[in-house]
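Have a look at the structure below before the remarks.
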Number of protein chains: 2
Amino acid sequence: MKITGDQQLIKKMNKSIVLDTIRQRQPLSRADISAGIGLNKATVSSLVSELIDSNLVTEIGPGESSGGRKPTLLLFNKHAGFAIGIDIRVSDLLAILVDLEGNVLHEKNVPLTDFSPETVLEQIRKTISLLKRKLPESPYGIVGVGIGVPGLVNEKNRVVSAPNLGWDNVDLAGALDADFSGNIHIDNEANAGAIGEKLYGAGRDSLNLIYLSLGVGIGSGIIVGGELYRGTSNFSGEVGHMTIAENGPLCRCGNRGCWETLASEKALLDRAATVEWKGEAPDLEGILKAAKQGDHTAVSLLNEIGSQLGVGLANLVNILNPELIVIGNRLSLAGELFEDAMLRTIENRSLSYHRKKTHVDFAKLGIRSTALGAASMPITAFLTDPDVTIE
Amino acid sequence: MKITGDQQLIKKMNKSIVLDTIRQRQPLSRADISAGIGLNKATVSSLVSELIDSNLVTEIGPGESSGGRKPTLLLFNKHAGFAIGIDIRVSDLLAILVDLEGNVLHEKNVPLTDFSPETVLEQIRKTISLLKRKLPESPYGIVGVGIGVPGLVNEKNRVVSAPNLGWDNVDLAGALDADFSGNIHIDNEANAGAIGEKLYGAGRDSLNLIYLSLGVGIGSGIIVGGELYRGTSNFSGEVGHMTIAENGPLCRCGNRGCWETLASEKALLDRAATVEWKGEAPDLEGILKAAKQGDHTAVSLLNEIGSQLGVGLANLVNILNPELIVIGNRLSLAGELFEDAMLRTIENRSLSYHRKKTHVDFAKLGIRSTALGAASMPITAFLTDPDVTIE
DNA sequence: ATACTTAGTTTGTCTAGTAAACTAACTAAG
DNA sequence: CTTAGTTAGTTTACTAGACAAACTAAGTAT
């Protein structure tokens, strides 16, 4: 039980605050930092010089004078190291190599046909090796790997269940640790997406936000006070199985009226099937294309989905009173086709005081939210404690 | 922006950890504290002597020797000061005088007939004065007042809206501040209840819990990581207006199928009215009494309520994955009459991995959860920073 | 040229935590 | 009833890290 503090703790905290300040407000001078966070100039100087020594910060020469000596401007050294983020989806796998600021250097898409853990693991290994060959020279190299998985991940980094992949109790991190020892993070796809949008996307300025992953099913990542809320067993955010129509359609989870039976990609396709979509098996692209061309059936299908989305979102607004809701994953790419119906329902169904301050937005990182969020996990760990690198 | 730390911060943190340790594990010795929290013996000695100087801790003489010098046992001085907690309900007002450990010394129930802010305020003033006359001699006296209100309270302690009282934008704290300057806390009734049960009741050992206030409507307080989650505008937890049946009964909020139209005290009475309850106007006591005597209609009414409660609770379990759900307020007093139906529905409707670790319990503080939670707010503020007392 | 400003470093001081030695007070074994 | 060993708590000397103030550096404005 080591919760008590001493000076080292203070130093660590202050150093991390200084680094965060540089990351957020760069370029800036030591004097700016001191004024900004209230730390003494001398202390800032000392901490900055340590950060420079450890290659996390660089000086880029003098800035504009404001009537006195020119300030020496500081920059976060985003190329001190790199991270790999992987998003395991239902038909493919997206892997990205990013710098410490989350800029994508390389990207690799691997189609998946066989979903057995062994095969997927093999693909992951190959892809990581491939990305590592693209790695620029840097002091720290790959600082870690993050993986987003469409399933439940427990607090020990173990994939407890991933129905869409047919996985049960898979120890992804353990298996990879043999090859790339150290900083490996596994999390639910929606949780990773939430972190991604919070750090690099639409949620940059929000402390309390919900990321809604709108794919085959519906998942979510809940960010409270700037941090991901994980729940007791790390299983929070399974909003797709919230009942919104007590006697609604049967869900694969065994219940009736789950939100995802009414408002997900699968819900859209199921509904399309009942209206005998053009006599052929309905597919997402087809419906979206038709709707964009003004096809009546397609438009009304999407309106219906939008309005059902709104019901669940209004619930989340009432329960959690978030600042922001970010809608991501595949279906969000067609956002403009259901946005109006969705917003109208939220407006009608949420309490007036709540909706005043809640904004609804679409993922700014598009299809990369999860991969970027996954990559950010080892980056955050590294910047908090720049020791644990990989390999 | 003063987030950076210095030694004073360390000292404050450590002192507060020492005090918390004494509060939780008393009686114990300085040596126990040092071993328990990892702080050096000398540091503990110094902090404890300051706590003794400020009357928050007392020595109660030697304890059992374990083979050497006898330890000097320490006790939290629960009578260093007192607090007042007030619960404004729809028909009356409960006020309690408690010591710093939340033990109730005096209790006062005031019936309310006129709900105008002025009248209620006058009653509050009178009641506070009355309780103050019962106050024992103590170094700090009344350290503060906390008030739980059935409505939305914004981040500035202002009651934005309390439909059951007919209040709009009432500045309770401001009005009271003139009489009892200083440490006055106003919060939503369910939030206060959540804190009460967390600190003194069923939730003592839980970090993530939901307190469900089951009264005329349904409210909730959400505790995340041991702290109340307030949302963006301080309005989180309005679970009563979560849609669980898209085309259900009309709610006073304007929507259909809100949880509280199906599972609250009002829902019970409304439902009873439709079955022509004994030819007379149904009332809660009557229905509960009949159910206890095995009356078929009453039992089935309560089963229905229980099962509707379960639907909403399963939603909360899936979304928030809490450790514990505590059911409080008036209807919870009849818990055994709907518990089975409720648990069965939660079991059926929540995801299997989630419900494994979620317990459902009834408020251990009975009808006092809110008043105790309200009183705890100034106590916590006082113990964090023992300066601000009242008057 | 001179006065004033702003940036950043150096120096000495202060606070608070730690280790180690010490005092106090006990138990248990011979 | 010594004596050795153990546990509780205090005292002392030391250290880390933040701070204020003085100082150097390098600019602007008049």
Side-chain angles (χ1 to χ4, degrees), chain A residues 1-19 21-22 25-54 57-75, chain B residues 1-19 21-22 25-54 57-75:
Chain A
M1 200 194 296
K2 191 70 184 177
I3 17 146
T4 51
D6 55 3
Q7 290 104 307
Q8 288 151 50
L9 176 69
I10 287 287
K11 184 172 184 182
K12 204 174 156 187
M13 281 170 45
N14 287 345
K15 198 165 169 178
S16 147
I17 291 170
V18 168
L19 182 57
T21 309
I22 296 174
R25 307 220 283 252
Q26 62 181 324
L28 82 179
S29 68
R30 292 166 174 82
D32 291 336
I33 299 173
S34 172
I37 65 178
L39 220 49
N40 188 282
K41 286 195 299 173
T43 310
V44 171
S45 267
S46 143
L47 293 175
V48 164
S49 86
E50 286 187 34
L51 287 169
I52 291 177
D53 286 348
S54 57
V57 167
T58 45
E59 293 185 336
I60 52 161
E64 287 287 282
S65 161
S66 58
R69 171 175 167 180
K70 284 184 183 168
T72 312
L73 294 184
L74 303 169
L75 228 49
Chain B
M1 200 195 296
K2 190 69 183 180
I3 18 147
T4 52
D6 56 3
Q7 289 106 308
Q8 287 151 49
L9 176 69
I10 286 288
K11 185 170 184 183
K12 204 173 155 187
M13 280 170 46
N14 286 344
K15 199 164 169 178
S16 148
I17 291 170
V18 167
L19 183 58
T21 308
I22 295 174
R25 306 220 283 253
Q26 61 181 324
L28 83 177
S29 66
R30 293 166 173 82
D32 291 335
I33 299 173
S34 171
I37 63 178
L39 219 49
N40 189 281
K41 287 196 297 173
T43 309
V44 171
S45 268
S46 140
L47 293 175
V48 164
S49 86
E50 286 188 32
L51 288 169
I52 290 177
D53 285 348
S54 57
V57 167
T58 46
E59 294 185 335
I60 52 161
E64 286 287 281
S65 161
S66 56
R69 172 174 168 180
K70 284 183 182 167
T72 310
L73 294 183
L74 302 170
L75 227 50

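Sequence lines set the chain letters: A, B, ... in the order given, protein chains first and strands last, and positions in each chain run from 1.
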According to a strict under-4.0 Å criterion, is B:S45 in side-chain N/O contact with OP1 or OP2 of D:dG9?
no
For a quick test of reading the model, state the closest non-hydrogen atom pair linking B:E59 to B:L74 and the distance between them.
CG-CD2, 3.7 Å
Which nucleotide in the list D:dT28, D:dA18, D:dA16 gets nearest to the side chain of A:I10?
D:dA18
In Watson-Crick or G-U wobble terms, both distances under 3.5 Å, what is the partner of D:dT12?
C:dA19
Applying a 4.0 Å non-hydrogen cut-off, can you work out what B:T43 is touching in the nucleic acid: base, sugar-phosphate, or nothing?
base
Between B:G68 and B:L73, who's closer to the 5' end of DNA chain D by nearest nucleotide?
B:G68
Got B:V18 and B:V57 here, is their nearest side-chain heavy-atom distance under 4.5 Å?
no
Take atom CD of A:E64 and atom P of C:dT6, then tell me their distance rounded to the nearest Å.
15 Å
Students often get this wrong, so: under 4.0 angstrom with heavy atoms, is A:S46 touching a base, only sugar-phosphate, or nothing?
nothing
Over how many whole Å does the gap from A:Q8 atom CD to C:dA16 atom P extend?
17 Å
Whole-Å distance between D:dT7 C1' and B:I33 CD1?
16 Å
Tell me whether the OP1 or OP2 atom of D:dT7 has a side-chain N or O from B:R30 closer than 4.0 Å.
no
Tell me the interatomic distance from B:L9, atom CG, to C:dT15, atom P, rounded to whole angstroms.
16 Å
Reckon A:T72 has a side-chain N or O less than 4.0 Å from the OP1 or OP2 of C:dG8?
yes
Does B:I10 reach the side chain of A:Q7, with side-chain heavy atoms less than 4.5 Å apart?
no
To the nearest angstrom, the CD-P distance between A:E50 and D:dA16 comes to 12 Å
Nearest-Å distance for atom pair CG/P, residues B:N14 and C:dT18
7 Å
May I ask you to verify if any side-chain N or O of A:S66 is less than 4.0 angstrom from the OP1 or OP2 atom of C:dT5?
no
Would the base of D:dA20 count as contacting A:N40 through its side chain, where contact means a donor and an acceptor less than 3.5 Å apart?
yes
Any side-chain heavy atom of A:D32 within less than 4.5 Å of one from A:P71?
no
Mind calculating the distance between CE (B:M13) and C1' (C:dT15) to the nearest angstrom?
16 Å
Between CG on residue B:N14 and CG on residue B:N40, distance to nearest 0.5 Å:
11.0 Å
Which part of the nucleic acid, if any, lies within reach of B:A42 when heavy atoms closer than 4.0 Å are counted: base, sugar-phosphate only, or nothing?
base
Can you find a donor-acceptor N/O pair under 3.5 angstrom joining the side chain of B:K41 to the base of D:dG9?
yes
Is any side-chain N or O of B:R69 under 3.5 Å from a base N or O of C:dA25, one able to act as donor and the other as acceptor?
no
B:K11 NZ to C:dA16 P, in whole Å, measures 5 Å
Do A:R25 and A:I33 come within less than 4.5 Å of each other through their side chains, counting heavy atoms only?
no
